[in-house]
Amino acid sequence: MTAAARAGAPAPASEAALAGRWAAGLAGPLRLEDGRVLRVVFPGVPGPGPGPDFRGAILDAGGDLLRGDVEIHLRASGWRVHGHEKDPAYAGVVLHAVAANDLTAPLTHHQSGRLIPVLVFPAQPPGFPPPFTPPCALACRSGYLPGAALDRLGLRRLRIKAARTAPAVAAFGPGQALYGLLLETFGGTANRDAFAALARAVPLAHLLEAVAGAQSRPLAFTVCLEGGAPEFGLIRAGLRPMASPARRLEAAGALLAKLWPEGAAPGFPLTLGVEATPRSLQVPGVGRALALECLVNAVLPVALASGSWPEAGCEALLVRLASPGTYGRLRRLEGWLAAGSSRPFTSAARLQGGLLLHADYCSRGMCGRCPVSPA
């Protein structure tokens, strides 16, 4: 059917239905409006909020490998109606997937100069199962339990993190390395780089000297951090109140005061032992989930890289810690690996294993060759 014929075709009820079809996999062969055959290597992961519908897709368009985002609309004209043409957040879109091409144009234009190929969704195939069911899902439905493989991947990810932080430990010491990673974690996705820059601009040793003898040590830490923060262009728009830079810096000040009390040296905190739990890091503004993130992304990598804790103790703690909850990018993987009523990411180690699995296999077109797929 030609593009012009499809232009007047009725659109489905919602973009959410189209997004569900895209995530599940489209039955092929697929053909772009410019005539090229399209093969979906990896559909991407759902966007976390404003911006393209799917991030990090890998597509083969007639032999051209495309890596980037996918935007979905009921009709092709939705691109302009929603203002995406001039929005820099959509400059990385590599595919515009629509139910009906009411513009009949084979390409969608972005003001950056990018010409984005258009795909019209094929007719909905009848029946079940959906066109794409990965081997890992079939194995888990047949009784395979992925927990041991996820544990191994989680421990591998811990060693990778430790190797990445080892240069900072060697150059600046374990205390400064930990302080920097803690601030990065407090920064979240929006302000991670800015908080890391703040940790470099206001080193831990300087901070400890500045707050020495303060009547309220948490407040003194917070004031020092806030004094250096404005020059780093912190993002405030669109954040939950508890995730705002001011609240996160206040919480960071309280945690730093707990880890490095009066008279403490700027090394690895003596208040933290290998028997640490999330409660060890909980202070006002730091709940259980954020405390778990700090343990997994900051404390454990530095403790392992610096030798402050034995390797066996670090690994045992990661396996023992509960999961803070599944990240959005792992929702589909969680569904694939679930066996009956059991969930795959029940511990921090298994969640970390899922993140490594997604990064090294799922998002690189290596479905069926990962450690949780049958040989």
Side-chain angles (χ1 to χ4, degrees), residues 44-57 68-71 82-84 86-93 112 157 161 164-165 168 177-204 207 218 221-256 278 281-299 301-302 323-331 348 351-352 354-355 358-359 363:
V45 295
D53 295 305
F54 288 84
R55 311 289 177 87
D69 304 331
V70 176
E71 178 64 8
H82 297 166
H84 300 337
K86 299 180 180 180
D87 190 338
Y90 292 82
V93 171
S112 63
R157 193 163 196 253
K161 288 182 177 183
R164 287 176 178 169
T165 197
L178 175 58
Y179 162 65
L181 287 179
L182 286 172
L183 281 194
E184 278 191 46
T185 304
F186 274 89
T189 303
N191 289 300
R192 186 176 304 276
D193 292 341
F195 273 45
L198 174 61
R200 293 190 295 269
V202 186
L204 178 63
L207 202 56
F221 272 110
T222 301
V223 169
C224 288
L225 291 174
E226 289 178 339
E231 63 182 278
F232 296 109
L234 299 176
I235 296 173
R236 295 174 173 83
L239 297 177
R240 295 177 293 105
M242 287 301 295
S244 68
R247 298 298 293 270
R248 284 297 175 91
L249 288 175
E250 183 180 353
L255 179 57
L256 296 177
L281 300 182
Q282 286 186 257
V283 293
V286 179
R288 176 179 172 276
L290 182 54
L292 275 167
E293 282 193 51
C294 289
L295 272 173
V296 171
N297 296 322
V299 175
V302 173
S323 170
T326 304
Y327 297 100
R329 78 185 79 166
L330 297 185
R331 293 292 183 195
L351 182 64
Q352 292 295 304
L355 290 169
H358 176 270
S363 61

Q.
Nearest 0.5 angstrom please: Q352 CD to N297 CG, how far?
A. 6.0 Å

(Q) Do L255 and F221 make a side-chain contact, defined as non-hydrogen atoms from C-beta onward lying under 4.5 Å apart? (A) no

(Q) If you define the side chain from C-beta out and look only at heavy atoms, does anything of L351 sit under 4.5 Å from L330? (A) yes

Q) Donor-acceptor pair, E71 side chain versus D53 backbone, under 3.5 Å? A) yes

Q) Are there more than 12 heavy atoms of other residues, nucleotides or ligands under 6.0 Å from atom CZ of R164? A) no

Q | Pairwise distance OG(S244) to CG(L249) - rounded to 0.5 angstrom | A | 8.5 Å

**Q.** Residues which pass side chain to side chain contact (heavy atoms under 4.5 Å, CB included) with Q282, listed by chain and number, not counting sequence neighbours
**A.** P278, R279, R288, A291

Q: Determine whether L234 and L198 make a side-chain contact, defined as any pair of heavy atoms from C-beta on separated by less than 4.5 Å.
A: no

Q. Which atom pair, heavy atoms only, marks the closest approach of A199 to G180?
A. CB-CA, 3.7 Å

Q | Distance-minimising heavy-atom pair for P245 and N191 | A | CG-ND2, 3.7 Å

Q: Please name all residues satisfying side chain to side chain contact (heavy atoms under 4.5 Å, CB included) with P203, sequence neighbours left out, ordered by chain then number.
A: Q176, H206

Q: Among V70, D69, V93, find the residue that satisfies the side-chain contact (heavy atoms from CB on, under 4.5 Å) test when tested with R55.
A: D69

Q) Between P284 and A254, what is the shortest heavy-atom contact and its length? A) O-CB, 4.3 Å

Q. Quick one: side chain to side chain contact (heavy atoms under 4.5 Å, CB included) partners of P301, sequence neighbours excluded?
A. L158, K161, T165

Q: Output all residues satisfying side chain to side chain donor-acceptor pair (under 3.5 Å) with R248, sequence neighbours left out; order by chain, then residue number.
A: none

(Q) Could you measure the distance from the CG atom of L256 to the OG1 atom of T222? Nearest 0.5 Å is fine. (A) 8.0 Å

Q: Measure the OG1-CG distance between T185 and L292 for me, rounded to the nearest 0.5 Å.
A: 12.0 Å

Q.
Going by the rule side chain to side chain donor-acceptor pair (under 3.5 Å), which residues pair with H358 if we only count those two or more places apart in sequence or in a different chain?
A. none

Q: List the atom of A348, the atom of V296, and the distance in Å for their closest heavy-atom pair.
A: CB-CG2, 4.0 Å

Q: Looking only at non-hydrogen atoms, find the nearest pair between F186 and C294 and report the distance.
A: CE1-SG, 3.9 Å

Q | Over all atoms of both residues, closest heavy-atom pair of L225 and G253 | A | CD1-N, 4.3 Å

(Q) Please enumerate all residues that pass side chain to side chain contact (heavy atoms under 4.5 Å, CB included) together with S112, with sequence neighbours excluded. (A) A91, H110, R114

Q: Report the distance from atom CD of E293 to atom CG of L182, rounding to the nearest 0.5 Å.
A: 11.5 Å

